[in-house]
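Values below: every heavy atom of this structure, side chains too, minus hydrogens, waters and symmetry copies.
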Amino acid sequence: MAFCAALACLSGQAPADTAQGAHVSIELNALEPIEDACRISFLVQNGHDTDIEQAVYEAVLFDTEGRVDRLTLFDFGALPAARPRVRQFLVPGLSCADLGRLLINGVETCTGDGIPADACTDGLELQSRADVEVLG
């Protein structure tokens with residue numbers, strides 16, 4: 001009986017623990033070498049109640065020795081509310097093995113009807129499934 005009560009409590013907490021919340025999350029999901037370039041795949045989710053029409057983030061790519069390799073913009077495009085999206089970017093002249101860290105340096109563009117001005121930055125959640133650290 002105590003076990004069942006504990007399960008009921010845990011199941012009652014699960015939705016709150018897994019809720020996205022009103023922020024954007026960006027996960028560096030995969031790196032794939034393509035000829036003389038690196039394809040970077042992200043899983044992005046907009047946890048706001050309204051769609052983000054366009055989200056463009058400024059990113060800094062560091063090599064494995066910590067030196068800045070380049071500064072670039074990643075245009076994640078439209079991010080519908082509460083729906084995950086995968087976005088891929090091909091970075092020419094970059095070996096995936098040479099990418100050491102990725103810094104989300106800020107937001108260049110964040111537009112959408114009724115979204116707060118800081119919708120793309122406030123509470124920004126960053127994760128990585130690759131061997132590359134993501135900072136913000």
Heavy-atom distance under 4.5 Å between the side chains of [X] and [Y], does that happen here?
X: Leu28; Y: Phe42; answer: yes
X: Val86; Y: Asn29; answer: no
X: Leu99; Y: Leu31; answer: yes
X: Ile52; Y: Val24; answer: yes
X: Arg87; Y: Leu79; answer: yes

Query raised in the report: If you look only at pairs with a residue in residues 23-66, which of them pass as a disulfide bond (SG atoms under 2.5 Å apart), with sequence neighbours excluded?
Result: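 Non-adjacent pairs meeting disulfide bond (SG atoms under 2.5 Å apart): Cys38-Cys96.
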
**Report entry** Residue pairs fulfilling salt bridge (Lys or Arg N to Asp or Glu O under 4.0 Å) with at least one residue in residues 60-79, sequence neighbours excluded
**Finding:**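 Listed once each, the pairs are Asp63-Arg67, Glu65-Arg67.
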
Could you measure the distance from the [atom1] atom of [X] to the [atom2] atom of [Y]? Nearest 0.5 Å is fine.
X: Leu71; Y: Leu73; atom1: CG; atom2: CG; answer: 7.0 Å
X: Phe76; Y: Cys110; atom1: CZ; atom2: SG; answer: 12.0 Å
X: Gln45; Y: Arg85; atom1: CD; atom2: CZ; answer: 9.5 Å
X: Ser41; Y: Glu27; atom1: OG; atom2: CD; answer: 10.5 Å
X: Thr64; Y: Asp131; atom1: OG1; atom2: CG; answer: 12.0 Å

If you take all heavy atoms of [X] and [Y], which pair is closest and at what distance?
X: Leu90; Y: Ala37; answer: CD1-CB, 3.8 Å
X: Leu61; Y: Leu94; answer: CD1-CD2, 3.9 Å
X: Gly100; Y: Val132; answer: O-CG1, 3.7 Å
X: Ile115; Y: Gly112; answer: CG1-O, 3.4 Å
X: Asp51; Y: Ala81; answer: OD1-N, 2.8 Å
X: Thr50; Y: Asn46; answer: O-ND2, 3.0 Å

Query raised in the report: Is the backbone of Glu32 close enough, under 3.5 Å, to the side chain of Arg39 for a donor and an acceptor to pair up by distance?
Result: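 Not confirmed, Arg39 side chain does not pair with Glu32 backbone.
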
Query raised in the report: Okay, side chain of His48, backbone of Ala119: is any donor-acceptor separation there less than 3.5 Å?
Result: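 It does hold such a pair.
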
Query raised in the report: Under 4.5 Å between side-chain heavy atoms, hopping through other hydrophobics if needed: is there a path connecting Val44 to Phe89?
Result: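 Both belong to a single hydrophobic cluster.
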
Report task. Determine, stepwise, if the pair Ile104 / Leu124 fulfils side-chain contact (heavy atoms from CB on, under 4.5 Å). Result -> CA-CA 10 Å; Ile104 300 296; Leu124 179 64; 4.0 Å; yes

Report task. List the steps, then state whether side-chain contact (heavy atoms from CB on, under 4.5 Å) holds for Glu53 with Asp113. Result -> CA-CA 8 Å; Glu53 293 171 10; Asp113 290 336; 3.6 Å; yes

Query raised in the report: Are Arg101 and Phe62 in a cation-pi contact, defined as NZ or CZ under 6.0 Å from the six-membered ring centre and within 45° of the axis?
Result: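 Yes, Arg101 lies over the aromatic ring of Phe62.
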
Requested in this report: Taking the six-membered ring for Trp and the full ring for Phe, Tyr or His, determine whether the centres of Tyr57 and Phe74 are under 6.0 Å apart.
Outcome: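 Ring centroids of Tyr57 and Phe74 are no less than 6.0 Å from each other.
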
Report task. For the residue pair Thr109 and Gln54, confirm or rule out a side-chain donor-acceptor distance under 3.5 Å. Result ->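 Per modelled atom types, Thr109 and Gln54 side chains form no pair under 3.5 Å.
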
Query raised in the report: Please walk me through it: do Thr72 and Val91 pass side-chain contact (heavy atoms from CB on, under 4.5 Å)?
Result: CA-CA 9 Å; Thr72 190; Val91 182; 5.8 Å; no

